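To start, the structure itself, in structure tokens.
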Amino acid sequence: HSLWCFSMVPRMDERLDRADDHFKYLDVKLDRTIDKLESLDLSFRCFARSTRKDIARLQDGMDTVTEVLRMNQLVPTNT
């Protein structure tokens, strides 16, 4: 019975080594995925900020056009 236990040790060690290798591989993949997500998050935040600024500029431009049209009596005024 004790010989059977000792014969299982090398196989268990092999399995544990393979499992350890798989975990190391998954850890590397997880780190890469985290890096990519952080980069994507930063890109999205920059895009959102830029978009908000562009929309604000467009709104300012529209307000200016509307005011010029009102001053020239080309559109009705809000009273």
Side-chain angles (χ1 to χ4, degrees):
H1 181 70
S2 63
L3 288 178
W4 178 79
C5 289
F6 286 119
S7 67
M8 293 296 292
V9 170
R11 274 194 262 162
M12 287 174 45
D13 283 344
E14 288 174 22
R15 288 180 182 169
L16 289 174
D17 287 343
R18 275 186 288 176
D20 189 46
D21 289 343
H22 287 297
F23 282 122
K24 287 177 184 175
Y25 171 77
L26 290 174
D27 193 40
V28 168
K29 295 280 282 184
L30 180 61
D31 287 344
R32 287 182 183 166
T33 302
I34 288 169
D35 289 344
K36 288 178 182 179
L37 284 173
E38 288 172 349
S39 176
L40 180 62
D41 180 56
L42 179 61
S43 294
F44 177 76
R45 288 174 190 260
C46 290
F47 170 76
R49 182 175 180 222
S50 173
T51 301
R52 283 192 300 272
K53 284 183 176 182
D54 289 346
I55 289 171
R57 265 189 249 125
L58 285 172
Q59 185 61 49
D60 288 346
M62 287 299 298
D63 292 345
T64 301
V65 168
T66 302
E67 191 56 38
V68 168
L69 291 173
R70 283 188 187 136
M71 287 174 20
N72 291 309
Q73 299 177 347
L74 297 172
V75 294
T77 58
N78 293 338
T79 53

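Along the sequence shown, residues are numbered consecutively beginning with 1. Keep in mind that this is a model prediction, so the values were computed, not measured.
The stretch residues 27-39 participates, sequence neighbours left out, in no side-chain hydrogen bond (donor to acceptor under 3.5 Å, both in side chains) pair at all.
Partners of V65 by side chain to side chain contact (heavy atoms under 4.5 Å, CB included), not counting sequence neighbours, listed by chain and number: L69. Under the rule for a side-chain hydrogen bond (donor to acceptor under 3.5 Å, both in side chains), the partners of Q59 that lie at least two apart in sequence or sit in another chain are D63. Looking at residues two or more places apart in sequence or on another chain, you find no salt bridge (Lys or Arg N to Asp or Glu O under 4.0 Å) involving R52. Legend: residues meeting salt bridge (Lys or Arg N to Asp or Glu O under 4.0 Å) with D20, ordered by chain and number and at least two apart, are K24. With sequence neighbours left out, the salt bridge (Lys or Arg N to Asp or Glu O under 4.0 Å) criterion links R45 to D41. D54 pairs by the salt bridge (Lys or Arg N to Asp or Glu O under 4.0 Å) definition with R57, not counting sequence neighbours. Here N72 pairs with V68, L74 under the side chain to side chain contact (heavy atoms under 4.5 Å, CB included) rule; sequence neighbours left out.
As a member of the Ile/Leu/Val/Met/Phe/Trp/Tyr network built from side-chain separations under 4.5 Å, L40 groups with nothing else and remains a singleton. Grouped by direct or indirect side-chain proximity (heavy atoms under 4.5 Å, Ile/Leu/Val/Met/Phe/Trp/Tyr only), M71 sits alone.
Listed here is the closest heavy atom pair of V75 and T66: CG2-O, 4.2 Å.
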